[in-house]
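Below is one structure; the comments refer to it alone.
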Amino acid sequence: MEHLISLKYLSAEEIRDLVDSAFRLKQDPGGYGKFLTGKTVGLLFEKPSLRTKTAFCVGTHQLGARPVYFGPEEIKLGEREQVRDVAKTVGKFVQAVVLRTYAHQTVLEFAKHAGIPVINGLSDRFHPSQALADLMTIQEAKGSLEKLKVAYLGDGNNVCHSLMYAIALLGGHLAIATPKEFLPQREILEETRNFFRLSGGKLEIGGEPGIIVRDADVVYTDVWISMGKERERKKRLKAFRGFQVNSGLMRRAKQDSIVMHCLPAHRGEEISDDVIDGTHSVVFTQAENRLYAAKAIMVKLLGGLQ
Ligand code: CP
Ligand code: NVA
C-alpha cells in the first residue's frame, strides 16, 4: 500500500488490518509510540474541514510528528501553480500528505508526482479515510459487518462511493436509496457490483427510502448539498425530499439499529434533530473514530504495519 486514494485499490485483508490497527490505537492511544518522530505530514485542503483536519493533525502529534496545514486560500492547486509542481515541491519537505480536493483527478495527479504517500482526505469521488472509520464504528457497535444490512440514504457521491467499496470488499449487505439524478457513478456501480459478487456480499439500489431501511442494522446518511454544490441548493432540496432520516423512517429499521452520518450534518435536511441526538445515533463516536483510523493509515503508509 503506497497511497490511500480509494479503497478500491486495497484488498479485504488490508482493510481488515487497518480497521484492527485503528481499534488497537483506540484501546491503547500510546500504541506505536512516537513512531513518526522527526517526520512532518502535510495537509493541503481546497475545502473546509473539521474532522479530517483534526484527526490527521492530532494523530500526527500523537505519533510524534508535526503537521503542516495549508487551507483553501494558500496553495491554489492548479491555479497559482500546476498540481505536479506543487506535488514535486511538497514531496521534498514532508514525508506524507493528506489532500482534500474538488477534482479526484487532482489527487491522482498529485500522487503521480509527489514521491511520498498521498492520503485522499476527500475528493469529489471518494472519502476512504472516512469509510475506514465507518467500518470501525459499525464493528464497534455491532460486533462485525457480517450478516448486517447497511442502508444508505442520500447523495450517491464521495462518501457513498467509499462505503460501497468498503462493504463490497468485505462481503456485507448494502442497500442504497438516492433520487435517480443522484445515483452513484455508473462505473463505480459496475465495479462494486463485481466486487459484491466476488465477496458474496449483496448490493440493492434504487428503492424507496422506507423500503431500503426495512430491517436495516445501520442507517447512514450524508449531506444533500456537498461542498461545492451550494448553487444547486434549491434543486437538491426538492430532489431529496422524502429522503430524510427521521424517527418515522427509523421505525422501519431494526429496533437496535444504529444511525451514522459522516458529518457535517445539515440538521432538519438529511437528518432530524431527534435522530442525530437520539439513542440510535453513533454519529459522534463515528467522528471520534476518524482519529484512530487516521493514525492507522499514517502508521501503515509510513512503514509501521507490515
Ligand atoms: N466527515 C468529514 O470529512 O468531516 P470534515 O469535512 O469536517 O473533515
Ligand atoms: N459529501 C460531503 C462529505 C463531507 C465530509 C461533501 O462532499 O461535502
Side-chain angles (χ1 to χ4, degrees), residues 4-7 22 41-60 67 69-72 97-107 119-138 152-166 176-179 181-185 188 218 220-233 235-237 239-240 243-245 259-267 269-271 276 281-298:
L4 182 68
I5 291 177
S6 162
L7 296 187
V41 175
L43 287 88
L44 272 66
F45 281 34
E46 290 185 327
K47 302 174 191 170
S49 168
L50 171 60
R51 282 142 290 267
T52 310
K53 178 179 174 183
T54 314
F56 281 97
C57 286
V58 172
T60 301
Y69 172 77
F70 296 96
V97 71
V98 186
L99 274 186
R100 172 165 284 201
T101 65
Y102 284 96
H104 186 64
Q105 185 55 35
T106 305
V107 182
I119 299 162
N120 179 356
L122 181 80
S123 65
D124 60 357
R125 295 196 96 191
F126 300 117
H127 199 1
S129 67
Q130 176 73 54
L132 290 170
D134 297 343
L135 290 175
M136 177 185 176
T137 309
I138 295 171
Y152 176 91
L153 277 87
D155 194 354
N157 70 342
N158 42 24
V159 167
C160 178
H161 288 159
S162 287
L163 206 58
M164 287 166 76
Y165 281 105
I176 300 175
T178 73
E181 317 89 283
F182 297 101
L183 279 166
Q185 287 177 7
I188 290 173
V218 179
Y220 196 126
T221 190
D222 181 15
V223 288
W224 296 339
I225 301 154
S226 282
M227 290 179 274
K229 300 291 181 191
E230 292 78 6
R231 270 184 298 183
E232 297 176 14
R233 180 172 176 80
K235 171 182 130 188
R236 284 172 175 262
L237 287 182
F240 284 100
F243 285 80
Q244 186 186 69
V245 176
V259 172
M260 298 178 68
H261 191 312
C262 56
L263 300 174
H266 295 173
R267 287 167 176 253
E269 292 181 13
E270 75 279 359
I271 194 161
I276 193 170
S281 174
V282 295
V283 164
F284 297 100
T285 302
Q286 181 185 358
E288 178 195 348
N289 287 342
R290 296 293 309 279
L291 171 64
Y292 315 112
K295 287 175 76 175
I297 293 162
M298 291 190 286

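Any value given below was found using the heavy atoms of this structure, including those in side chains, with hydrogens, waters and symmetry copies removed. Both counts, for ligands and for their atoms, begin at 1 and track the order of listing. From a predicted model like this one, the values you see are computed outputs, not experimental measurements.
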Please work out whether any backbone atom (N, CA, C, O) or any side-chain heavy atom from C-beta onward of V223 is under 4.0 Å from ligand 2, and answer side chain, backbone, both or neither.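 Looking at V223 and ligand 2, just side chain atoms fall under 4.0 Å.
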Heavy atom of the protein closest to [atom] (residue, atom name, distance):
{"atom": "atom 1 (N) of ligand 2", "result": "D222 OD2, 2.7 Å"}
{"atom": "atom 7 (O) of ligand 2", "result": "N158 ND2, 2.8 Å"}
{"atom": "atom 8 (O) of ligand 2", "result": "M227 N, 2.8 Å"}

Grab the two heavy atoms, one from K235 and one from F182, that are nearest each other, plus how far apart they are.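 Where K235 meets F182 most closely, the heavy atoms are CE-CZ, 4.1 Å.
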Search all heavy atoms of G154 against all heavy atoms of F243 and return the closest pair with its distance.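 Shortest heavy-atom contact: N-CD2, 4.5 Å.
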Please name all residues satisfying side chain to side chain contact (heavy atoms under 4.5 Å, CB included) with [X], sequence neighbours left out, ordered by chain then number.
{"X": "L237", "answer": "W224, I225, R233, E269"}
{"X": "L263", "answer": "R51, H261, A265, I276, V283, F284, A287"}
{"X": "Y69", "answer": "L43, F45, K53, P72"}

Find all atoms of ligand 2 within a distance of less than 4.0 Å from any non-hydrogen atom belonging to L263, and give their numbers and elements.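 It comes down to these atoms of ligand 2: 5 (C).
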In ligand 2, which numbered atoms sit nearer than 4.0 Å to a non-hydrogen atom of S226?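 This gives 1 (N), 2 (C), 6 (C), 7 (O), 8 (O) as the contact atoms.
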Can N157 and S226 be counted as having a side-chain donor-acceptor contact under 3.5 angstrom?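 Side-chain D/A pair, N157 to S226: present.
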Side chains of T52 and R100: do they bring a donor and an acceptor to under 3.5 Å?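 On atom types as modelled, these side chains qualify, holding a pair under 3.5 Å.
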I'd like to know whether NZ of K229 has more than 12 heavy-atom contacts from other residues, nucleotides or ligands below 6.0 angstrom.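 Open: at most 12 neighbouring heavy atoms sit under 6.0 Å from NZ of K229.
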Could you give the distance from CD1 (I119) to CG (L99), rounded to the nearest 0.5 Å?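 Spacing of CD1 (I119) from CG (L99) equals 9.5 Å.
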At a heavy-atom distance under 4.0 Å, which protein residues reach ligand 1? Sort them by chain and number, would you?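 Within 4.0 Å of ligand 1, the protein residues are S49, L50, R51, T52, R100, H127, Q130, C262, L263, R290.
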